[in-house]
Protein chains: 2
Amino acid sequence: MVQYNQTRFDASFAALSDATRRGVLVQLGLADASITDLAQKFHMTLTGMKKHVSVLEQAGLVTTEKVGRVRTCKLGQRRLEEEAAWIENYRQLWSARFDALDSVIEELTQKEKADGRRKRK
Amino acid sequence: MVQYNQTRFDASFAALSDATRRGVLVQLGLADASITDLAQKFHMTLTGMKKHVSVLEQAGLVTTEKVGRVRTCKLGQRRLEEEAAWIENYRQLWSARFDALDSVIEELTQKEKADGRRKRK
DNA sequence: TAAATACTGAACCATATGGTTCAGTATAAT
DNA sequence: ATTATACTGAACCATATGGTTCAGTATTTA
């Protein structure tokens with residue numbers, strides 16, 4: 001198991017598991033914002049918001065730059081491509097299994113039809 | 001911190017934030033498995049694996065059924081459609097911002113060209 | 001009937017998480 | 001030169017998480 005990738009996924013899914021952080025991502029999609037802006041918007045202390053931003057930054061989902069007193073936050077380089085791909089892969093596995101079930105049912109149905117025909121003869 | 005308002009998203013992204021649980025999902029994509037099967041595969045106690053399965057079940061990603069002594073786990077009904085959609089929406093927001101940046105650059109480029117033409121006159 | 005198997009729940013442990021307050025530092029505004 | 005603003009870091013708190021062991025219960029199997 002490649003630890004690097006594992007921890008990256010861990011970090012990004014963990015970052016997304018909090019409603020406030022998802023909200024921050026959406027917000028930053030609309031406009032860049034300072035820590036103060038975000039803290040006010042989400043009714044939280046500066047320190048609290050700083051922590052959330054750090055988590056998002058750690059996961060590569062947000063980047064920040066401090067100019068003077070103000071730290072401005074914006075959407076980061078990472079666009080969750082790999083996470084989307086993982087989910088897509090999971091959904092394909094699921095579909096594969098579902099299709100397998102379908103074909104079993106199909107088979108049973110065919111068998112029943114055949115039995116029906118045999119009976120009728 | 002009582003999490004009385006824990007959303008579906010919180011639960012499913014949190015479920016995905018652990019490498020073992022992602023592994024279990026992949027495994028169950030290949031074949032149904034008992035708690036014992038999974039515990040062995042992931043080198044963990046039965047009790048530990050039971051907890052992971054419970055988390056996945058809580059998030060609707062896995063369903064289980066106990067027949068006799070054996071609890072069989074399989075992929076659940078939920079296929080992370082909404083989670084995939086959320087990520088897709090985030091990526092569109094990101095793209096929108098990126099495109100905005102592009103058009104600023106485009107504008108600057110045009111301006112430079114114009115300046116160039118002016119200079120050359 | 002006795003022994004092995006498969007799970008389950010309670011209790012415990014260490015660390016992580018999401019929040020706070022408080023006491024700073026650096027920068028901007030007056 | 002003061003004062004207000006914006007952030008930062010340390011310390012603290014309550015609960016969550018990821019794991020364990022131990023002591024069961026229920027179900028097969030011999």
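Residue numbers start from 1 in every chain, and the chains themselves are labelled A, B, ... in the order their sequence lines are given, proteins ahead of strands.
- Both B:G68 and A:R71 lie close to DNA chain D; mapped to their nearest nucleotides by heavy-atom distance, the more 5′-ward contact belongs to A:R71.
- Rounded to an integer number of Å, the gap from B:D10 CG to C:dG18 C1' is 12 Å.
- Across all strands shown, B:K51 has heavy atoms under 4.0 Å from base atoms, whether or not it also approaches the sugar-phosphate.
- Distances were taken from every side-chain heavy atom of B:H52 (C-beta onward) to each of D:dG18, C:dA6, D:dG19; the shortest belongs to D:dG19.
- Side chains of A:E57 and A:T64: a donor-acceptor N/O pair is present below 3.5 angstrom, by distance only.
- For the segment residues 37-49 of chain A, the set of residues with a heavy atom within less than 4.0 Å of an atom of DNA chain D comprises A:L46, A:T47, in numerical order.
- For C:dA6, neither phosphate oxygen OP1 nor OP2 lies less than 4.0 angstrom from any side-chain nitrogen or oxygen of B:K66.
- Atom CG of B:D18 and atom P of D:dA16 are 18 Å apart (whole Å).
- The residues A:R71 and A:E65 are annotated as not salt-bridged, no charged nitrogen and carboxylate oxygen being separated by less than 4.0 angstrom.
- Taking the six-membered ring where the residue is Trp, A:Y90 and A:W86 present parallel rings, their angle staying beneath 30° rather than reaching 60°.
- Atom-to-atom, NZ of B:K50 to P of D:dA26 comes out at 15 Å; the value is rounded to the nearest Å.
- A donor-acceptor pair shorter than 3.5 Å can be found between the side chains of B:S34 and B:D37.
- One atom, CG of B:L16, and another, P of D:dG18, lie 12 Å apart when rounded to the nearest Å.
- Here the side chain of B:R69 is nearest to one of C:dA26, C:dG19, D:dA26, namely D:dA26.
- With a 4.5 Å cut-off on side-chain heavy atoms, B:R22 and B:L56 do not count as touching.
- Of the N and O atoms on the side chains of A:S12 and A:E83, at least one donor lies less than 3.5 Å from an acceptor on the other residue.
- Distance CD (A:Q58) to C1' (C:dT17): 14 Å, rounded to an integer number of Å.
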